[in-house]
J.: 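Before anything else, here's the structure in question.
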Amino acid sequence: ETGVTQSPTHLIKTRGQQVTLRCSSQSGHNTVSWYQQALGQGPQFIFQYYREEENGRGNFPPRFSGLQFPNYSSELNVNALELDDSALYLCASSLDRWSTDTQYFGPGTRLTVL
Amino acid sequence: AQTVTQSQPEMSVQEAETVTLSCTYDTSESNYYLFWYKQPPSRQMILVIRQEAYKQQNATENRFSVNFQKAAKSFSLKISDSQLGDTAMYFCAFTQGAQKLVFGQGTRLTINP
């Protein structure tokens with residue numbers, strides 16, 4: 001176990017709805033990253049937060065947004081859901097924002113958009 | 001483009017055998033880190049091994065070792081004395097920029113009893 005938790009485990013939404021996914025990082029970890037993993041693919045970087053500020057973003061539209069809180073929890077919000085948003089969403093926490101720091105992943109949230 | 005290529009979509013070996021998973025990557029970064037992650041059916045991505053690109057010595061972690069060829073941009077994973085619990089998807093990845101991980105498509109490894 002990595003000490004990183006995510007909720008919910010599974011979620012079903014319809015196209016056009018909004019969704020919030022939650023992540024609880026390891027205590028003391030100042031950085032959280034979010035990844036989208038489509039079926040049969042490797043994870044794709046969405047964005048990273050460091051001390052509650054966005055610290056880098058991948059090739060995802062603005063309807064993907066995030067928040068990080070001082071209590072080591074964070075959220076991924078997706079507005080105007082599309083069918084292609086169906087995927088496993090992974091969060092990963094690390095001690096700091098440097099490439100030397102190992103990222104520890106949560107078990108993921110499986111989102112299905114109908 | 002920053003990419004990772006895993007040329008073996010699936011592999012299958014018998015328990016106790018040795019297996020090698022291939023990975024090549026492309027990056028313009030001069031300093032980076034390489035990783036192998038394991039994702040069992042439980043979905044949790046678990047770090048198997050990491051390699052600093054500036055280190056020539058290959059990393060090892062118990063039954064897991066890597067063959068890092070920087071000039072060839074190759075980073076293969078060798079699993080010795082394979083066990084049933086090694087059955088999983090294996091992803092090769094490297095850090096781009098500060099901490100963005102770039103992943104390959106994965107290799108599905110099955111260990112047969």
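Throughout, protein chains are lettered first and strands after them, A, B, ... in sequence-line order, and every chain is numbered starting at 1. Heavy-atom basis, side chains included; hydrogens, waters and symmetry copies ignored.
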J.: Looking at B:Lys78, I'd like to know if its NZ atom is crowded, meaning that more than 12 non-hydrogen atoms belonging to other residues, nucleotides or ligands lie closer than 6.0 Å.
T.: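 No, not enclosed.
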J.: Decide if atom NZ of B:Lys55 counts as having more than 12 heavy atoms of other residues, nucleotides or ligands within a radius under 6.0 Å.
T.: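 Check fails, neighbour count at 12 or below.
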J.: When you group the ILVMFWY residues by side-chain heavy-atom contacts below 4.5 Å and let the links chain together, are A:Phe64 and A:Leu83 in the same group?
T.: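 Yes; tracing contacts between hydrophobic side chains, which count when under 4.5 Å, links both residues.
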J.: State plainly whether one hydrophobic cluster holds both B:Tyr90 and B:Leu84, where clusters connect Ile, Leu, Val, Met, Phe, Trp and Tyr through side-chain heavy atoms under 4.5 angstrom apart.
T.: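 Yes; tracing contacts between hydrophobic side chains, which count when under 4.5 Å, links both residues.
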J.: Between B:Gln6, B:Arg108, B:Gln105, who has the most heavy-atom pairs with chain A when the cutoff is under 4.5 Å?
T.: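 Max contact count across the listed options: B:Gln105.
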J.: What part of B:Leu47 gets closer than 4.5 Å to chain A, counting heavy atoms only: side chain, backbone, both or neither?
T.: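 For B:Leu47, the contact with chain A is made by the side chain alone.
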J.: What's the spacing between A:Gln44 CD and B:Lys100 NZ if we round to 0.5 Å?
T.: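 It comes to 8.0 Å.
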J.: Please tell me whether A:Val78 and A:Tyr49 are part of a single hydrophobic cluster in this structure, the criterion being side-chain heavy atoms less than 4.5 Å apart.
T.: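 Result: yes, single cluster for both.
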J.: Does any heavy atom of chain A fall under 4.5 Å from the side chain of B:Glu52, the backbone, both, or neither of them?
T.: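 Answer is neither: B:Glu52 stays 4.5 Å or more from chain A.
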J.: Which region of A:Tyr35, side chain (C-beta onward) or backbone (N, CA, C, O), has a non-hydrogen atom less than 4.5 Å from a non-hydrogen atom of chain B, or is it both or neither?
T.: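 Interface part for A:Tyr35: side chain.
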J.: Are A:Leu67 and A:Leu76 connected, step by step, through hydrophobic side chains (Ile, Leu, Val, Met, Phe, Trp, Tyr) whose heavy atoms are closer than 4.5 Å?
T.: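 No.
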J.: Establish whether B:Met89 and A:Tyr89 are linked, either directly or via other cluster members, by ILVMFWY side-chain heavy-atom contacts under 4.5 Å.
T.: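 No, no single cluster joins them.
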J.: Take A:Leu88 and B:Gln39 through the test side-chain contact (heavy atoms from CB on, under 4.5 Å) and record every step on the way to the result.
T.: CA-CA 12 Å; A:Leu88 180 67; B:Gln39 189 177 39; 3.8 Å; yes
J.: Taking every non-hydrogen pair under 4.5 Å, which of A:Tyr50, A:Tyr104, A:Phe47, A:Phe45 racks up the most with chain B?
T.: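 The candidate making the most pairs under 4.5 Å is A:Phe45.
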J.: Which residue in the set B:Met45, B:Gln44, B:Arg43 passes side chain to side chain contact (heavy atoms under 4.5 Å, CB included) when paired with A:Leu90?
T.: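 Option passing the side chain to side chain contact (heavy atoms under 4.5 Å, CB included) with A:Leu90: B:Met45.
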J.: Ring pair (Phe, Tyr, Trp, His ring centres under 6.0 Å) for B:Tyr37 and A:Phe105? Distances and angles first, verdict last.
T.: CA-CA 10 Å; B:Tyr37 278 92; A:Phe105 283 82; 5.2 Å; yes
